[in-house]
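Working notes, beginning with the structure itself.
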Amino acid sequence: MAKISLQITTFLLVLSILEPNFSGATPHRFLASCEPYDTLKSDKTLKCDAPDVCCKAGGVYDLYNCSPPLMTSTPAIMTENNFADPADTGGPANCTNSYPGVNEKVVALSTGWFNNQKLCKRQIKITALKTGKSTTAMVIDECASDAGCDKEHSNQQPCRNNIVDASPSVWEALALDPDTGEENITWSLL
Ligand SMILES: *[C@@H]1O[C@H](CO)[C@@H](O)[C@H](O)[C@H]1NC(C)=O
Ligand SMILES: *[C@@H]1O[C@H](CO)[C@@H](O)[C@H](O)[C@H]1NC(C)=O
């Protein structure tokens, strides 16, 4: 008996190291993923620079304050953003309170990954699945998953929870065409 109970204790200890939020009482948390905490309803159709993600009257959009867990190489969807253009970003970058130069390799991360500015100015490495190419970029802004459909967010829908929104120079360095709009990538902190 004592041996089994030691094994169980060891198992729980290992689990709690692997998953800091793990508590024996709620084992399902171990498998919990990032779910929306609410939805946002848009009452008007808004014009924006990215037709696919402009808010529409009657549109209902998920809101997230979490993102999928960070791994040594985290899968994500890359979108395109011209951070140098005030009309495209809704305002200066949150980390720098300024607009970057047109040739800078910079990104915005979904709210959960941005983590209240904790990743501000960190360099990340991005690898494109399609081309196999990698590049680096600096985190300068949040891609809000918890807000949208207003001027501050360029009249765009809230970001999904797994977005790396990248400047044209990042797309170019990865040999990808920004006109495709979205590409699968992995990224990691440097
Ligand atoms: C960055 O975002 C935080 C939280 O929304 C806000 O309080 C702060 O004013 C923003 N800073 C800049 C420079 O945009
Ligand atoms: C990204 O990966 C998903 C799942 O593997 C796939 O369905 C989708 O078509 C891919 N998107 C692009 C732009 O390659």
Side-chain angles (χ1 to χ4, degrees), residues 33-40 48-55 61-101 104 106-135 137-188:
S33 57
C34 167
E35 301 294 340
Y37 69 90
D38 204 350
T39 52
L40 175 72
C48 78
D49 269 14
D52 292 348
V53 291
C54 296
C55 294
Y61 308 110
D62 285 334
L63 295 173
Y64 298 89
N65 47 29
C66 55
S67 290
L70 284 188
M71 300 190 275
T72 42
S73 181
T74 307
I77 295 171
M78 188 169 81
T79 53
E80 194 264 340
N81 194 342
N82 185 359
F83 292 91
D85 177 359
D88 208 5
T89 59
N94 189 266
C95 299
T96 57
N97 198 20
S98 65
Y99 296 96
E104 288 186 48
V106 290
V107 299
L109 299 178
S110 293
T111 294
W113 286 336
F114 187 69
N115 196 6
N116 291 314
Q117 298 191 320
K118 284 200 184 62
L119 295 196
C120 271
K121 301 197 185 173
R122 289 289 300 268
Q123 290 287 334
I124 66 170
K125 179 183 171 190
I126 301 173
T127 302
L129 269 55
K130 188 188 274 179
T131 61
K133 290 198 183 293
S134 296
T135 192
M138 188 170 75
V139 177
I140 61 159
D141 209 351
E142 175 176 4
C143 192
S145 314
D146 60 351
C149 303
D150 57 15
K151 201 166 170 227
E152 190 189 339
H153 301 98
S154 318
N155 291 339
Q156 294 179 12
Q157 299 166 17
C159 264
R160 282 156 286 171
N161 61 13
N162 59 345
I163 297 295
V164 173
D165 195 27
S167 62
S169 307
V170 173
W171 283 75
E172 196 178 315
L174 294 171
L176 293 171
D177 177 4
D179 290 340
T180 56
E182 285 189 11
E183 290 289 355
N184 290 318
I185 58 157
T186 59
W187 69 279
S188 53

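Ligands are counted one by one from 1 in listed order, and the atoms in each one are counted from 1 as well. Here the structure is a predicted model, which is why all the values come from computation and not from measurement.
Within the 4.5 Å cutoff, the side chain of Y37 has no heavy atoms near those of the D62 side chain.
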Give every pair made of an N or O atom of ligand 1 and a protein N or O atom lying under 3.5 Å apart, one pair per line with both atom names and the distance to 0.1 Å, or write 'none'.
from	atom 1	to	atom 2	distance (Å)
ligand 1	2 (O)	N94	OD1	3.4
ligand 1	2 (O)	N94	ND2	2.3
ligand 1	11 (N)	N94	ND2	3.0
ligand 1	14 (O)	N94	ND2	3.2

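Salt-bridge check for E172 with K133: failed, with every basic side-chain N at 4.0 Å or more from each acidic carboxylate O.
Within the structure, the side chain to side chain donor-acceptor pair (under 3.5 Å) test picks out the following pairs touching residues 66-78 (sequence neighbours left out): S73-T186.
The distance from ligand 2 to the heavy atoms of E182 drops below 4.0 Å at these ligand atoms: 13 (C).
Across I126 and V170, no two heavy atoms sit closer than the pair CD1-CG1, 3.9 Å. Counting all heavy atoms, side chain and backbone alike, N82 lies closest to P168 at CA-CD, 4.1 Å.
Residues S98 and T96 bring a donor and an acceptor atom of their side chains to less than 3.5 Å of each other.
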